[in-house]
Amino acid sequence: PSNATGPHREPSSSVARAAHARRSQGRDVLRYAAVRASQNGGGEGINRQVRRAWELLYLLTFRELKLRYQDTVFGFLWSLIRPLLQGAVLFVVLRKFIRIDVPDYHLVLLAGLFPWTWFQTSLVLAVGSFAANGALIKKVYFPRFVLPLATVLNNGVQYALSIPVLVLLLVAGGYSPNWTWLIGIP
């Protein structure tokens with residue numbers, strides 16, 4: 001007979017088993033990358049340490065992207081819908097009720113809202129990255145800065161994928177693309 005109250009208890013429902021498998025897969029990838037980054041401790045050259053830190057950063061960022069959109073129907077669209085809906089609410093409140101009169105205010109609002117969403121989401125999730133990976137931090141040595149940086153890069157990928165949406169809205173608003181648009185992309 002197995003111990004049903006131990007830490008390795010198998011989940012009973014199929015949904016719980018799937019969630020458990022996703023968490024286990026994420027921990028396995030992270031554990032592999034951290035062990036790989038910590039091999040040969042301090043006896044290796046700085047170039048090799050930097051390369052392994054980048055490898056760990058890549059694996060963590062890819063893992064977060066994969067886990068974020070796994071088991072979602074709309075996937076990446078949720079990342080675009082949230083700032084677009086937030087922009088619509090702010091547009092109605094600021095333009096209609098407070099009467100801010102700026103030409104093409106919806107474009108100005110979205111041009112500021114997309115980077116703000118990147119910053120805000122990255123900050124909120126990066127703060128909790130140490131607590132979420134606490135067990136791994138205690139077990140394996142690896143550069144700790146990669147945990148919040150992977151979160152920021154994950155959200156940066158989402159931000160980079162939202163820029164074409166903003167460009168399409170600008171073109172639909174009658175603006176033609178030119179080199180000065182690059183100034184507005186951080």
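By convention here, the first residue in the shown sequence is residue 1. As the structure is a computational prediction, the values presented were derived from the model and not from experiment.
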Rounded to the nearest 0.5 Å, what separation is found between the [atom1] atom of [X] and the [atom2] atom of [Y]?
| X | Y | atom1 | atom2 | value |
| --- | --- | --- | --- | --- |
| Phe114 | Trp118 | CZ | CH2 | 14.0 Å |
| Thr61 | Arg63 | OG1 | CZ | 9.5 Å |
| Leu110 | Leu166 | CG | CG | 6.5 Å |
| Phe62 | Leu67 | CZ | CG | 10.0 Å |
| Ile100 | Leu94 | CD1 | CG | 4.5 Å |
| Arg52 | Leu59 | CZ | CG | 12.5 Å |

Same cluster or not: [X] versus [Y], using hydrophobic residues (I, L, V, M, F, W, Y) connected whenever any side-chain heavy atoms lie under 4.5 Å apart?
| X | Y | result |
| --- | --- | --- |
| Leu107 | Tyr159 | yes |
| Ile98 | Leu113 | yes |
| Leu125 | Leu65 | no |

What residues, two or more places apart in sequence or in another chain, satisfy side-chain contact (heavy atoms from CB on, under 4.5 Å) together with [X]?
| X | answer |
| --- | --- |
| Arg51 | Arg48 |
| Leu109 | Leu90, Phe91, Tyr105 |
| Phe119 | Trp116, Leu123 |
| Val124 | Gln120 |

query: Heavy atoms, side chains only, cut-off 4.5 Å: are Val89 and Gln86 in contact?
result: no
Geometric cation-pi criterion, Arg144 with Phe142: 6.0 Å, 45°: yes
Table please: side-chain donor-acceptor pairs of residues 145-153 below 3.5 Å, with sequence neighbours left out.
unit_1: Thr151; atom_1: OG1; unit_2: Glu64; atom_2: OE2; d: 3.3
unit_1: Thr151; atom_1: OG1; unit_2: Leu147; atom_2: O; d: 3.3

Salt bridge (charged side-chain N to carboxylate O under 4.0 Å, His left out) pairs, two or more places apart, involving residues 100-125: Arg95-Asp101
statement: Note: Pro115 and Ala111 closest approach over all heavy atoms is CD-O, 3.1 Å
